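Here, residue 1 is the first one in the sequence, and each next residue gets the next number. The structure displayed is predicted, hence computed values, not measured ones.
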Amino acid sequence: MRIEYIDRMIPPIYLNFIILFIRIISTVAAVFWCIYNSRTNDTIYYVFLGLIYIYILFYIIRITIDSKYCHLFCFLTFFVDQFVITYFMYNTGGIHSVFYSGYFVIISIASILLGLSYGLFLALVAGIFILYLGITMSFNALDLIYKIIPLFIISLPSGIISEYVAYYSIIRENLKNELEEKNIQLTKYIKEIDVLQKQLIEQEKRKILESFTEDMSHVLKNPLMSIGGIADILDRKIKEGKLEDIDKYIEKIKNESKKLNVVLNNVLQISDGKMVFEDVDIITLFNNIIFDFKKRIKNLDFVTNMDERIKFVKLDKKKFTVAINNIIDSLIEIEKDPIKIYIQTYQKTISNKKILIIEISNREHIIPKAILNNIFEPFVSGGSTKKGLALPIVKNIINLHGGSVEVESDENGTIFRISLPLI
């Protein structure tokens, strides 16, 4: 854990003040220790004052020094600390002085703050000071070895830990910087993607609008042309005085007008997302729908099997009627005679929830497999299946009711299955 990482956790000015305070307190304590042991004279006071001034000077330099010289300056201050420890040891018993433990403190702190190499070098400096004391005060060589070797031993684990922590701190810092850079790039990419997405949405909107306009023109073109053609025939017959079969032509105009009305009603359903729910007698609703179809199509018959237990259901009556009309209309093939539509309702329980199932089928009607999977997409067509907005409107309305609709078609016919939650 190098000193630059300490500075990130503790503001340098506070860290320096703490170190200064500890050094001054330690020096004061050492002076009193010397006085207590009566192994000093007036010189110790001048040394004490000088050390105080030196430490304050170190503090001032430390808070103003360029960071690239920080390690060298810290090493210098630790060297001074060792010199101070050696001085007090000289005055309190030499290598057996209680101040000897100060070397361990300085070397371990230096190893942690500055790294293994600085710690070993300060251990070497402390060893030189001890040799000086040993030579000056005539200590046994074996005692000197016992005092010097532990200094290197204490620097090793502290320095190694420092190196590993510094190494992983650098990796973490690099990862942090890399992540920040990636985050900046990602933010930039997200903005670019957002712009592109908006452009794509606008392009897609234009495509959908163009496709919708083109398809709607085809859907509306046939009944309008039929009405125009029949109107011309009627006009010619009236001018010629030939009034036979006029009722037949008028009926055709009515049927084509009804087709136009269905298309326009479906278009209105797309733009209207409002729902007005009410308790609807579903049996009566289907009876009314069946009555209207029979009135309009002569060769149409219905076979119903309604669950009498399910009578009132929360529905938007107007929209739900449109959906059922569209399903039945999609199952009708005018060229076939007679046409039989089967309607069945029953209740199921799925995940402890009551579900109303409505099945509407025509056993003679088959939807080509090529369009079965996307039958609920706008203007899908194939074979006798009618193209337009009818079935997409069905899916939208049923979804607005919180339900789902699916279709199955094979050699046994076509069945639409509606699932609605019963509240």
Between [X] and [Y], what is the shortest heavy-atom contact and its length?
X: Thr345; Y: Met306; result: OG1-CA, 3.4 Å
X: Ile148; Y: Gly127; result: CD1-O, 3.8 Å
X: Lys340; Y: Asn362; result: O-OD1, 3.7 Å
X: Val394; Y: Ala323; result: CG2-O, 3.4 Å
X: Ser155; Y: Ala123; result: OG-CB, 4.3 Å
X: Ile355; Y: Ser419; result: CG2-CB, 3.9 Å

Who passes side chain to side chain donor-acceptor pair (under 3.5 Å) against Glu408, sequence neighbours left out?
Arg417
I need the [X] [atom1] to [Y] [atom2] distance, nearest 0.5 Å.
X: Leu331; Y: Ile415; atom1: CG; atom2: CD1; answer: 9.5 Å
X: Ile398; Y: Ser404; atom1: CD1; atom2: OG; answer: 8.5 Å
X: Ile366; Y: Asn412; atom1: CD1; atom2: CG; answer: 8.5 Å
X: Glu308; Y: Ile283; atom1: CD; atom2: CD1; answer: 4.0 Å
X: Asn326; Y: Ile397; atom1: CG; atom2: CD1; answer: 6.5 Å
X: Leu120; Y: Leu116; atom1: CG; atom2: CG; answer: 4.5 Å

Should [X] and [Y] count as side-chain neighbours, where that means a heavy-atom distance under 4.5 Å?
X: Val405; Y: Phe376; answer: yes
X: Thr304; Y: Gln344; answer: no
X: Ile358; Y: Ile282; answer: yes
X: Asp316; Y: Leu400; answer: no
X: Ile107; Y: Gln82; answer: yes

Is there a side chain to side chain contact (heavy atoms under 4.5 Å, CB included) between Ile343 and Phe286? Walk through the geometry before answering.
CA-CA 9 Å; Ile343 299 175; Phe286 272 98; 3.9 Å; yes
Within the side chain of [X], is there an N or O that forms a donor-acceptor pair under 3.5 Å with the backbone of [Y]?
X: Asn399; Y: Lys395; value: yes
X: Tyr103; Y: Lys147; value: no
X: Thr414; Y: Ser409; value: no

Option passing side chain to side chain contact (heavy atoms under 4.5 Å, CB included) with Tyr346 (candidates Ile310, Leu356, Ile357, Asn305):
Ile357
What do you reckon, is [atom1] of [X] surrounded by more than 12 foreign heavy atoms closer than 6.0 Å?
X: Lys354; atom1: NZ; value: no
X: Phe121; atom1: CZ; value: no
X: Phe291; atom1: CZ; value: no

Please report the C-alpha distance between Leu372 and Ile367 in whole Å, then the side-chain angles of each, then the deciding distance to 0.1 Å, and finally whether the side chain to side chain contact (heavy atoms under 4.5 Å, CB included) criterion is met.
CA-CA 6 Å; Leu372 191 60; Ile367 299 175; 4.0 Å; yes
Side chain to side chain contact (heavy atoms under 4.5 Å, CB included) between Ile328 and Phe416, intermediate numbers included
CA-CA 9 Å; Ile328 295 173; Phe416 285 86; over 6 Å; no
For Ile130 and Leu151: C-alpha separation, side-chain torsions, deciding distance, then whether side chain to side chain contact (heavy atoms under 4.5 Å, CB included) applies.
CA-CA 11 Å; Ile130 290 174; Leu151 301 178; 3.6 Å; yes
Does anything in residues 307-329 form a ring pair (Phe, Tyr, Trp, His ring centres under 6.0 Å)? List the pairs, not counting sequence neighbours.
Phe320-His401
